[in-house]
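Taking it in order: structure first as C-alpha cells, then the write-up.
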Amino acid sequence: FFVASALVEMYAKHGLFAEATHVFNTFPEQDIVLWSILIARYADLGHGDEALSYFEEMQLKGFSPNAVTYLGGLKACCSIEAIDRGKELHADIVKKGFELDSSIGNALVTLYASHGWLTDAQDVFDNVSARDGVSWTSLLAGYAKHQRLEQASRCLELLQLDGMPVDEFSWSTMILSYAEQGDSEGASVTYARMQEQGTAPSSGTFLSMLKAHGNAAALEMGRRVHAQVHRNT
RNA sequence: GAAUGAG
C-alpha cells in the first residue's frame, strides 16, 4: 500500500488521472486510503463530479468513508456547489459521529459559507467543539464573499478576543475582503495591524494588498474618466 | 501511506 499510495498520489496530484486510476485498478486490492487520495485529488483539481462518483462507487464496493474520506467528499461538493449532496454527507457525518472532528466541522463551514448558506455555516461553526483559526477564517471568508464585511471583520475581532493567535491566512483573508469591496483604506489598516502584531506577511498577503491598491488605482482612474465625461458632454 | 481555511 505504501508504494501504491505514493504512485496514485503522485499521478493524481499532477492531474494525470489516467495513470493514477490505472495504478489504482491494477493494484491487487484497494483500501480506504487509496480511495481517499483519488477523491481528494479529483476534488482538488476541479473534478468534483468524478470525485463524488468515486465516493459513491467506493461505498458500493463496501468501503465505509472515514473522516479523511469525508473531507475529500465535502471538498468535492464545495467545488461544484453541490450543496444538497453536501447536506447528505453532513447527515452521514453526524450519523457516524464525525461531526466532533474539527477538521470536518471546518470543511462543512467552508462548504456552506462559501456558497452563501451563511446560517448553516454559522450553525455548524457554533457547534464545532474546538474552534481554531481555520474555523474562523472559513466563516470570515464566507461572510466577506457574500458582502457581509461587517460580520467578516467581527470574525477577526472575535478570533482575537478568543485569545487565538491570528495567522497570516486570517489577516490576508480580511485584507482581500476589503480589497474586493474597493476599501483600500480598510486593507491598509488591517495590514498595519497585522504588522503591529508581528505576523509576517505571506505572498497571499501581498497579493491581497496589491489587489486592494490595484482596485484603488483603477477606481481613481475611473473617477478621472468620469470627470472627463462631464467636461465633454 | 491520504487530511479542513485566504491567494
Side-chain angles (χ1 to χ4, degrees), chain A residues 1-13 20 23-24 27 29-44 51 54-55 58 63 65-79 86 89-90 93 98-115 121 124-125 128-145 149 152-153 155-156 159 164-181 187 190-191 194 199-212 214-215:
Chain A
F1 283 125
F2 222 59
V3 66
S5 58
L7 283 170
V8 171
E9 169 90 80
M10 174 203 204
Y11 285 126
K13 198 160 45 184
V23 173
F24 177 82
F27 200 68
E29 71 183 303
Q30 289 82 26
D31 73 353
I32 191 70
V33 173
L34 291 173
W35 283 104
S36 303
I37 293 172
L38 271 187
I39 292 165
R41 299 298 95 176
Y42 269 111
D44 258 351
Y54 273 102
F55 191 86
M58 182 194 81
F63 291 92
N66 63 21
V68 177
T69 323
Y70 277 115
L71 286 175
L74 290 171
K75 190 181 253 191
C77 293
C78 192
S79 78
L89 293 195
H90 188 171
I93 285 166
F98 287 135
E99 90 278 21
L100 298 173
D101 184 322
S102 64
S103 303
I104 291 283
N106 291 344
L108 284 165
V109 170
T110 302
L111 169 67
Y112 291 132
S114 65
H115 293 297
V124 174
F125 177 90
V128 170
S129 45
R131 284 175 206 163
D132 56 14
V134 177
S135 329
W136 283 106
T137 307
S138 308
L139 191 64
L140 190 163
Y143 279 130
K145 186 172 174 188
L149 204 51
S153 74
C155 284
L156 193 66
L159 163 53
M164 310 233 33
V166 184
D167 67 13
E168 76 274 17
F169 278 73
S170 310
W171 287 116
S172 304
T173 306
M174 193 67 241
I175 292 168
L176 184 70
S177 310
Y178 283 119
E180 282 166 348
Q181 298 289 314
T190 306
Y191 183 69
M194 173 181 184
T199 307
S202 68
S203 63
T205 315
F206 292 128
L207 279 166
S208 305
M209 282 301 280
L210 288 172
K211 184 155 189 186
N215 285 349

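Since we're looking at a predicted model, the values are computed, not measured. In what follows, chains carry the letters A, B, and so on, assigned in the order in which the sequence lines appear, proteins first and then strands, with residues in each chain numbered from 1.
One can place CD1 of A/Ile175 at 13 Å from P of B/G7, the figure rounded to the nearest angstrom. Remark: C1' of B/A3 and CH2 of A/Trp35 are 19 Å apart, rounded to the nearest angstrom. Computed from coordinates, the A/Leu140 CG to B/G7 P distance equals 11 Å when rounded to whole Å. Here B/U4 presents its C1' atom at 14 Å from CG of A/Asn66, a figure rounded to the nearest Å. A/Asp44 places its CG atom 9 Å from the P atom of B/A3, with the value rounded to the nearest Å. Look at CD1 on A/Ile93: it is 14 Å from P on B/U4, rounded to the nearest Å. Per the geometry, CZ belonging to A/Phe125 stands 14 Å off C1' belonging to B/U4, to the nearest Å. Taking atom CH2 on A/Trp136 and atom C1' on B/A6, their separation rounds to 17 Å, with Å as the unit.
None of A/Tyr70, A/Phe55, A/Phe24, A/Phe27 except one satisfies the ring pair (Phe, Tyr, Trp, His ring centres under 6.0 Å) rule with A/Trp35; the exception is A/Phe24. Remark: of the listed residues A/Thr137, A/Thr199, A/Leu159, A/Leu159 is the sole one forming a side chain to side chain contact (heavy atoms under 4.5 Å, CB included) with A/Val166.
The base of B/A6 is paired with the side chain of A/Ser202 by a donor and an acceptor separated by under 3.5 Å.
For A/Phe169, counting side-chain heavy atoms from C-beta on, the closest listed nucleotide (B/G7, B/A6, B/G1) is B/A6. Of the candidates B/G5, B/G7, B/G1, B/G7 carries the atom nearest the A/Leu176 side chain, counting heavy atoms from C-beta on. Closest contact between the side chain of A/Ser36 and the listed nucleotides B/A2, B/A6, B/A3 involves B/A2. Nearest nucleotide to the A/Thr173 side chain, out of B/U4, B/A6, B/A2: B/A6. Closest contact between the side chain of A/Ala141 and the listed nucleotides B/A2, B/A6, B/A3 involves B/A6. Of the candidate nucleotides B/U4, B/A6, B/G1, B/G1 has the atom lying nearest to any side-chain atom of A/Leu34. Looking at the side chain of A/Phe1, the nearest of the listed nucleotides B/G1, B/U4, B/G7 is B/G1. The A/Lys75 side chain lies nearest to B/U4 when the options are B/G1, B/U4, B/A2. Candidate nucleotides B/G7, B/G1, B/A3 were compared by shortest atom distance to the side chain of A/Leu207, and B/G7 ranks first.
Heavy-atom neighbours of A/Tyr11 OH from other residues, nucleotides or ligands within 6.0 Å: at or below the threshold of 12.
Between A/Lys211 and B/G7 there is no side-chain N or O to OP1 or OP2 distance below 4.0 Å. Taking 4.0 angstrom as the limit, A/Arg131 places none of its side-chain polar atoms (N or O) nearer than this to OP1 or OP2 of B/U4.
Nucleic acid contact for A/Asp132: none, since no nucleic acid atom lies under 4.0 Å from a heavy atom of the residue. Residue A/Ser177 is classed as having no contact, given no heavy-atom separation below 4.0 Å to the nucleic acid. Within 4.0 Å of A/Ser208, counting heavy atoms only, lies no atom of the nucleic acid at all. Looking at heavy-atom distances under 4.0 Å, A/Gly133 makes contact with a base. Counting non-hydrogen atoms under 4.0 angstrom, A/Ser203 reaches a base of the nucleic acid. Among the protein residues, A/Ser138 comes within range of the sugar-phosphate backbone only, with heavy atoms under 4.0 Å from sugar or phosphate atoms but none that close to a base.
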Problem - Residue pair A/Thr173, A/Ser170: steps toward the side chain to side chain donor-acceptor pair (under 3.5 Å) verdict - result: CA-CA 5 Å; A/Thr173 306; A/Ser170 310; over 6 Å; no
Exercise for the section: Could you give me the CA-CA distance, side-chain angles and deciding distance for A/Ser103 and A/Asn106, then say whether side chain to side chain donor-acceptor pair (under 3.5 Å) is met? Expected result: CA-CA 5 Å; A/Ser103 303; A/Asn106 291 344; 5.6 Å; no
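A/Thr205 and A/Ser202 form a side-chain donor-acceptor contact under 3.5 Å, judged by distance and modelled atom types alone.
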